Amino acid sequence: MRKALRRAETNERYWDRRWEEAGSDAAAFDSLDIYPVKYAQMVMTDPDSSALELGCGLGRVVKHYHRNGWKITGIERSPVAVDRMREDDPELDVAVGDATDIKLEDGAVDVLMAFGLYHNIENELEQALAESARVIAPGGRFCITMRPDNIEMRLNERYWRWRNRHRSGPMHFHKWLVGRDEFAALLATHGLNVTDVHYARNMSILYRVPWLRDRRIATSAESVRRAGGYRLNRFGRAVDGFLMRRRPQDFCNVFVFIGTKGAP
Ligand SMILES: C[S@@+](CC[C@H](N)C(=O)[O-])C[C@H]1O[C@@H](n2cnc3c(N)ncnc32)[C@H](O)[C@@H]1O
């Protein structure tokens, strides 16, 4: 695992500010074939089961499944995000909480999802994984993501170093980057057995290039761009598709780990 250090503010401040500035998340995705819902669908197969999304942000996944009649809880550290979700829909089951100390009983949920969460946790990652494993029922499923240590993420780091080149002052921890097998092995130490790994994208490195963005959504609010999966224009999609077909492990920016607590 490798630390990428490149933020002028702490993770906590960053997310509060980002959610303060973002609009509300939509209650529906533009397509079920985009990150993260595409991967959520792989574990959300039994509508009678109970689900938890840890680090649910502004709630795009929680809202989607709530709207479709699922029993789903969202836990999120940012009070800004939780207040916003409650304003949007008081019926949502969401709470301020920390992944390192989950206020749920052992084995409380059948499905646990965490999109973009664990790479944020600098010092207590093991504790967060132990807590996640604790609240999943035996035989329950998980869908969790981590940031890969690959070409795409190294390009991304270079981009941010360039963007921050005139900044002075301390730079804070941003995220962990991991190898696929290394993280699967770490999950296994917590009794979380990986059955599938997917190479995904939430946002392509090409999206950093303004003229490669889909102009219909590029100037919209962040919530619109999030619901649309940070869509590229035709040319951008062609290049991106080529890279992802040829070298998905090197050009994805998210590893999605799907698996079961205990024996699969
Ligand atoms: C990349 S965002 C993802 C949000 C959401 N899962 C989504 O896909 O839209 C990561 C979220 O994790 C939250 N987070 C970071 N550390 C956390 C922790 N220790 N416990 C709970 N949430 C945390 C952040 O506040 C942020 O909202």
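Values in this document were obtained by computation on a predicted structure and should not be read as measured data. Remember, it's 1-based here, ligands and their atoms both numbered in the order they're listed. Sequential numbering from 1 along the given sequence is applied to the chain's residues.
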Proximal candidate to atom 14 (N) of ligand 1 [heavy atom criterion; set V254, N120, L117]: L117

Donor-acceptor pairs are to be reported for all side-chain atoms of residues 134-149 against protein atoms at under 3.5 Å, with residues two or more places apart or in another chain.
| residue | atom | partner | partner atom | Å |
| --- | --- | --- | --- | --- |
| R134 | NE | E131 | OE1 | 2.7 |
| R134 | NH1 | L104 | O | 2.9 |
| R134 | NH1 | D106 | OD1 | 2.8 |
| R134 | NH2 | I102 | O | 2.8 |
| R134 | NH2 | L104 | O | 3.1 |
| R134 | NH2 | E131 | OE2 | 3.2 |
| R141 | NH1 | M42 | O | 3.2 |
| T145 | OG1 | G116 | N | 2.7 |
| R147 | NH1 | N253 | O | 2.8 |
| D149 | OD1 | R2 | NE | 3.3 |
| D149 | OD1 | R2 | NH2 | 3.0 |
| D149 | OD2 | R2 | NE | 3.1 |

Options S78, G55, G57, G116, ranked by nearest heavy atom to atom 6 (N) of ligand 1, top entry: G55

Proximal ligand 1 atoms for R60, defined as those under 4.0 Å from one of its heavy atoms: 7 (C), 8 (O), 9 (O)

Under 3.5 Å: N/O of W19 near N/O of ligand 1: yes

Salt bridge (charged side-chain N to carboxylate O under 4.0 Å, His left out) assessment of K63 paired with D89: CA-CA 9 Å; K63 285 179 171 181; D89 183 349; over 6 Å; no

Heavy-atom gap A114 to ligand 1 smaller than 4.0 Å: no

Test side-chain contact (heavy atoms from CB on, under 4.5 Å) applied to R201 and F251, step by step: CA-CA 8 Å; R201 278 217 185 277; F251 288 100; 4.0 Å; yes

Salt bridge (Lys or Arg N to Asp or Glu O under 4.0 Å) contacts touching residues 70-83 (sequence neighbours left out): none

Reported CG-to-CE distance for the pair L186 and M1, which is rounded to 0.5 angstrom: 6.5 Å

Side-chain H-bond candidate by donor/acceptor type, N11 with R7, under 3.5 Å: yes

Between N156 and R208: side-chain donor-acceptor atoms closer than 3.5 Å: yes

Within-shell test, E53 vs ligand 1, heavy atom, strictly < 4.0 Å: yes

For ligand 1, the portion of R77 having any non-hydrogen atom under 4.0 Å away: both

Proximal ligand 1 atoms for C56, defined as those under 4.0 Å from one of its heavy atoms: 4 (C), 5 (C), 6 (N)

Proximity of F115 to ligand 1 by residue part, where a heavy atom lies under 4.0 Å: both

Closest non-hydrogen atom pair between L58 and A22, with its separation: CD1-CB, 3.8 Å

Atom indices of ligand 1, in the order listed, that fall short of 4.0 Å to a heavy atom of A99: 18 (C), 19 (N), 20 (N), 21 (C)

Any T100 heavy atom less than 4.0 Å to ligand 1: no

For G97, the ligand 1 atoms whose distance to one of its heavy atoms is below 4.0 Å: 20 (N), 21 (C)

